[in-house]
2 protein chains.
Amino acid sequence: MSATVKTERSRLSASDWERAALDVIANQGVAAVAVEPLARKLGVTKGSFYWHFGTRDALLEAALRRWEHADTEALLAQVDRIADPRERLLQLFRRTSMELRTHVIYAALLRALDHDAVKPVMQRLSQRRINYLAVAYRALGMGRRESMDRARLAYAAYVGFLQLMLQLDLPRMPQEEYDSYVEHVAATLIPSR
Amino acid sequence: MSATVKTERSRLSASDWERAALDVIANQGVAAVAVEPLARKLGVTKGSFYWHFGTRDALLEAALRRWEHADTEALLAQVDRIADPRERLLQLFRRTSMELRTHVIYAALLRALDHDAVKPVMQRLSQRRINYLAVAYRALGMGRRESMDRARLAYAAYVGFLQLMLQLDLPRMPQEEYDSYVEHVAATLIPSR
DNA sequence: CAGTGTCAATACGGTAGCGTATGGTCGCCT
DNA sequence: AGGCGACCATACGCTACCGTATTGACACTG
């Protein structure tokens, strides 16, 4: 059990609702973001909610905006300062494999791509990341077409692995096996010099 | 638009409901499998439904069983007769990239992994397929650990690509680009002799 | 200390879906 | 022709959620 149990600070703000929403997304998925249950969880009634937001969807959009900015942007910004492109890719792979929470949310959003508020966010994000990968591969001397293909492959592997791990908690993989996998992926998807 | 518009055969059977359910799963996802809407689509009322099935979940489980047996088993059975392991993998990759409907459903199920009826099916299936891949890689002379890693990677790439294509209809990829991608994946994930 | 704005409770009405109960219709078998 | 069983309609009650309206409590500010 975790978080959002009302910390006796009584008065809530819009951000409190957004944070709570992200929490629910991470644990039970987008569909579980419902006004009344959320209110219960926060120890108030929905009378409060509808002061802060006009509608349920407004909350969702706000929460997603928050996530996209805070959790997501940070990731690339860090890695972007590594000069050597090969090392940059390697670090990208390795760091992505840690840092759970963002990815849990990401995985939850993947399962909600039919929702109108979610889809555009994910499209933007995926496009951005795939492009980032493609540029890195180009810097490694790959051709235009090959870079694009490889970028898609790498990103697809990321997305797919999230599904297999987080939803299907597939193999209950022990740490050592997990590390081995990450290194294998890096070795396979980053061309040797 | 497609299928399930009631073909004036009037009387329905359980299988009709299952097929209709799979149709809805493919188009609108698991959550949209609701008995009243389904009944409307079939031109009857739910009075009919509850004669064939005890509950909504019973329908879901039946539909999934049907899909797992019919659509899914066939896939590996075909490829399994190719003797040369390298060629077998290659064909597996290529054929998987065609044959849409099964994969559309698969993708829809990926988005419903939280559902109790769906999860076990997908776990079985994934485990089975990953193992199949691992065996194929071993036959190519890979070590035990490496085969497993590579199998996971390949399967993750498949799963992830489905998400990116089918849900995010990401790039509206033209056929030629799509083919290029598939060949790139094959070249990258099947070790050269 | 009156007034204003912020947050919250209560009560209400509406929709969509699940599941039950009961009775109706039609084909087929005897 | 009567009857039985497969299939379906109708009507009902229940739950979970959305959203609105109205009023209340409380803090801060002038």
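Values below: every heavy atom of this structure, side chains too, minus hydrogens, waters and symmetry copies. Proteins get letters first, then strands, A, B, ... in listed order; numbering begins at 1 in each. Everything numeric here is computed off the predicted structure, so don't read it as measured data.
Of the inter-residue distances, the one linking I105(A) atom CD1 with L162(A) atom CG reads 12.0 Å to the nearest 0.5 angstrom. Rounding to the nearest 0.5 Å places CE of M142(B) at 13.0 Å from CE of M148(B).
Under a 3.5 Å cut-off, the side chain of S180(A) and the backbone N or O of E176(A) do not form any donor-acceptor pair.
For D16(A) and dT6(C), the CG to P distance is 16 Å, given to the nearest whole Å. One atom, CZ of F49(A), and another, C1' of dT6(C), lie 17 Å apart when rounded to the nearest Å. Atom CZ in F53(B) sits about 14 Å away from atom P in dC18(C), given to the nearest Å. Rounded to whole Å, the distance from CG on L12(A) to C1' on dA9(C) is 13 Å. Rounded to whole Å, atom P of dC18(D) lies 10 Å from atom CG of L60(A). One can place OH of Y50(A) at 17 Å from P of dG13(C), the figure rounded to the nearest angstrom. Atom CG of L59(A) and atom C1' of dC17(D) are 15 Å apart (whole Å).
Residue V44(A) places its side chain closer to dA9(C) than to any other of dA9(D), dT20(D), dA9(C). Nearest nucleotide to the side chain of R56(B), out of dG19(C), dC18(D), dT6(C): dG19(C). For K46(A), counting side-chain heavy atoms from C-beta on, the closest listed nucleotide (dT20(D), dC18(C), dC17(D)) is dT20(D). If you check dA9(D), dC18(D), dC18(C) against the side chain of V35(A), the one that comes closest is dC18(D). Of the candidate nucleotides dC8(D), dC7(C), dG19(D), dC8(D) has the atom lying nearest to any side-chain atom of R11(B). For A34(B), whose side chain is taken as the heavy atoms from C-beta onward, the closest listed nucleotide among dA8(C), dC18(C), dC17(D) is dC18(C). Distance from the side chain of T45(B) is smallest for dT10(D) among the nucleotides dC17(D), dT10(D), dT20(C).
Ring orientation note: the planes of H52(B) and W17(B) are tilted relative to one another, at an angle of 30° to 60°.
Nearer to the 5' terminus of DNA chain C, by closest-nucleotide assignment, is the contact made by W17(A) (compared with the other of W17(A) and E36(A)). For the pair S48(B) and D57(A), nearest-nucleotide mapping onto DNA chain D gives the more 5' position to S48(B).
Between H52(B) and dA6(D), a side-chain N or O to OP1/OP2 separation shorter than 4.0 Å is absent. OP1 or OP2 of dC17(D) sits under 4.0 Å from a side-chain N or O of R40(A).
For the residue pair E87(A) and Q91(A), a side-chain donor N or O sits within less than 3.5 Å of a side-chain acceptor on the partner.
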